[in-house]
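Reviewing the structure listed below.
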Amino acid sequence: MRKKTESAAPVVVIGAGMAGARLAARVPGVTVVGEERHAPYNRVLLADVLAGRYAPDVIALPATEVRRGVRAVRIDRADRLVHCDDGSVLHYGRLVLATGSNPVLPPLRGLGATLPDGVHPFRTLDDALALRAAVRPGARAVVIGGGLLGVSAARALAECGAQVVLAQQGEHLMERQLDPEAAALLRVHLEALGVEVHTECRVRGLRCTTTATGESVRAVQLGDGYELAADLTVLACGVRPRTGLARAAGLDVRKGIVVDDELRTSDPYIHALGDCAEHRSTLYGLAGPALEQADVLAEVLAGRPARYEGTRALTRLTLRSPDPVHALDLAAFGEARPLPGDDVIRLSDATRGAYRTVVLREGRLAGGVLLGDLGAVAGLARTWQDDEPLPPAMSLLHLLTDDGGH
């Protein structure tokens with residue numbers, strides 16, 4: 001077996017998403033293999049592409065040299081080689097897996113390996129462009145999933161003039177981030193824009209018809225037997241880490257690819273970061289932690305001491321609108337659901353459409369939700385991220401308001 005030195009073989013990154021592009025921008029001479037045909041882009045802004053506010057080139061990330069449209073199919077750990085579907089073979093000194101995640105396709109009746117016409121996932125730029133091309137004013141669109149991605153898709157489709165129904169299986173929208181009160185306000189906002197919201201709504205299957213080109217969706221069937229007519233159906237049911245390449249290579253994989261504080265996998269020459277990486281039993285699935293991991297790994301690859309100790313991630317969502325009156329800002333962090341013994345401070349202003357709540361646990365800020373006016377979010381986020389006991393003289397009411405509570 002030919003011995004390879006660190007200097008003889010480059011850093012190879014599999015995946016040209018936000019994490020891979022960030023790392024490539026900070027580490028010279030990196031070879032990036034990207035499965036998508038597009039240049040790396042900001043995935044956070046996909047709903048803006050769907051709504052027609054941004055063209056694809058507007059959300060492109062700073063230029064990174066990427067081998068586009070190339071998929072890595074096998075890792076040879078013994079010889080440190082990556083085999084690609086175009087027949088090329090790359091050798092590496094260090095390999096970085098930034099393979100991201102795939103949209104979850106729910107086990108629905110009528111949904112097979114090939115999606116029927118009119119059924120769209122919403123995860124990539126191609127997904128957003130396909131939906132943008134398909135939607136028409138008055139089209140009947142059903143969004144399955146009321147999380148962050150589903151809410152963004154429903155809002156964008158409504159802005160395109162579609163008749164939108166949002167079906168959420170859970171008790172309220174964005175259950176992972178919002179408390180019931182904030183979710184109720186978000187629901188009011190969506191309904192004011194014409195989005196019909198159904199919570200505690202189980203989807204059973206799709207009703208399709210056979211056309212000259214194959215199956216085409218006609219309705220979404222609910223668990224109670226009711227049908228929602230649909231020209232378009234959007235699957236926004238969450239994501240699952242892409243771990244197949246790592247698993248086939250014999251790396252330690254649980255829910256994600258297991259990494260240590262240097263983002264190193266069970267193979268010392270292979271790292272992982274972003275949506276596919278599981279650090280201290282945590283999968284983040286958010287842009288902020290992925291970018292932070294890339295920054296840490298850039299230092300590690302440069303031979304400088306650096307450790308990733310986790311991210312206290314803040315989720316922020318801006319539902320934009322041509323009319324500023326109909327825009328909505330939302331931020332959530334930490335644990336917004338109080339436990340027994342927690343203190344809760346809540347401010348609500350129905351006139352301004354503003355809502356703020358924070359949870360205080362053993363003298364520390366445990367989490368919170370802000371909807372509408374985000375003037376206080378920076379101070380709250382800093383206090384939460386520091387994870388230090390609040391000074392006795394600090395007023396939590398002052399933190400909740402950007403005007404000292406007046």
Side-chain angles (χ1 to χ4, degrees), residues 9-49 54-75 80-103 121-130 149 239-246 248-249 251 256-257 259 263 265 270-277 283-298 300-301:
V11 175
V12 173
V13 179
I14 300 176
M18 294 179 71
R22 175 76 158 233
L23 181 68
R26 282 159 173 69
V27 179
V30 168
T31 299
V32 182
V33 177
E35 196 170 325
E36 294 188 57
R37 60 186 176 89
H38 304 283
Y41 55 87
N42 186 342
R43 198 178 303 275
V44 175
L45 298 176
L46 286 179
D48 294 296
V49 174
Y54 295 153
D57 60 328
V58 175
I59 70 168
L61 297 173
T64 300
E65 191 64 32
V66 177
R67 296 186 60 188
R68 302 187 202 175
V70 177
R71 182 168 62 91
V73 295
R74 184 168 67 88
I75 300 169
R80 297 188 210 166
L81 301 174
V82 176
H83 295 261
C84 301
D85 64 352
D86 64 353
S88 62
V89 179
L90 304 172
H91 66 90
Y92 63 87
R94 295 289 184 94
L95 177 64
V96 180
L97 301 178
T99 48
S101 54
N102 284 327
F122 186 50
R123 181 65 182 163
T124 68
L125 181 53
D126 279 337
D127 295 337
L129 292 174
L149 204 58
V239 295
R240 183 176 292 116
R242 295 184 65 180
T243 60
L245 202 59
L251 299 178
I257 305 168
V259 296
L263 289 312
T265 69
I270 302 178
H271 300 262
L273 75 168
D275 286 8
C276 67
L283 288 163
Y284 289 98
L286 296 169
L291 299 179
E292 188 174 331
Q293 290 171 5
D295 291 343
V296 169
L297 185 52
V300 170
L301 295 177

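Please read all numbers here as calculations on a predicted model, not as lab measurements.
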Inset, instruction - Find the distance between CD1 (I75) and CG (L90) and round it off to the nearest 0.5 Å. - result: 11.5 Å
Legend entry - Rounded distance (nearest 0.5 Å) linking atom CZ of R67 with atom SG of C84: 5.5 Å
Legend entry - Worked check of salt bridge (Lys or Arg N to Asp or Glu O under 4.0 Å) between D275 and R123: CA-CA 12 Å; D275 286 8; R123 181 65 182 163; 2.5 Å; yes
Legend entry - Distance-minimising heavy-atom pair for A128 and F122: CB-CE1, 3.9 Å
Legend entry - Where P241 and C276 come nearest, the two heavy atoms and their spacing: CB-CA, 3.9 Å
Legend entry - Derivation of the side chain to side chain donor-acceptor pair (under 3.5 Å) call for Y284 and Q293: CA-CA 11 Å; Y284 289 98; Q293 290 171 5; over 6 Å; no
List, one per line, each side-chain donor-acceptor pair under 3.5 Å for residues 12-33, sequence neighbours excluded.
| residue | atom | partner | partner atom | Å |
| --- | --- | --- | --- | --- |
| R22 | NE | D295 | OD1 | 2.9 |
| R22 | NH2 | D295 | OD2 | 3.0 |
| R26 | NE | D295 | OD1 | 2.9 |

Legend entry - Side-chain heavy-atom pair I59, L46 within 4.5 angstrom cut-off: yes
Legend entry - Atom pair NE2/CG of H271 and L97 - distance to nearest 0.5 Å: 10.0 Å
Inset, instruction - Measure the shortest side-chain to side-chain distance between R94 and P10 over non-hydrogen atoms and say whether it is less than 4.5 angstrom. - result: no
Legend entry - Smallest separation among heavy atoms of P289 and L286, with atom names: CD-O, 3.5 Å
Legend entry - Distance (rounded to the nearest 0.5 Å) between T265 OG1 and I270 CD1: 5.0 Å
Inset, instruction - Locate the shortest heavy-atom distance separating L273 from A290; write the atom from each residue and the value. - result: CD1-O, 4.3 Å
Inset, instruction - Find the distance between OG1 (T99) and CG (L245) and round it off to the nearest 0.5 Å. - result: 7.0 Å
Legend entry - Main-chain N/O of L125 paired with Y41 side-chain donor or acceptor, under 3.5 Å: yes
Legend entry - Rounded distance [0.5 Å steps], CG in L263 versus CG in L301: 9.0 Å
Legend entry - Close side-chain approach of L129 and H38, heavy atoms under 4.5 Å: yes
Legend entry - Side chain proximity check, R37 to D126, heavy atoms < 4.5 angstrom: yes
Inset, instruction - Return yes if some donor-acceptor pair links the side-chain N/O of D85 with the main-chain N/O of R71 below 3.5 Å, else return no. - result: yes
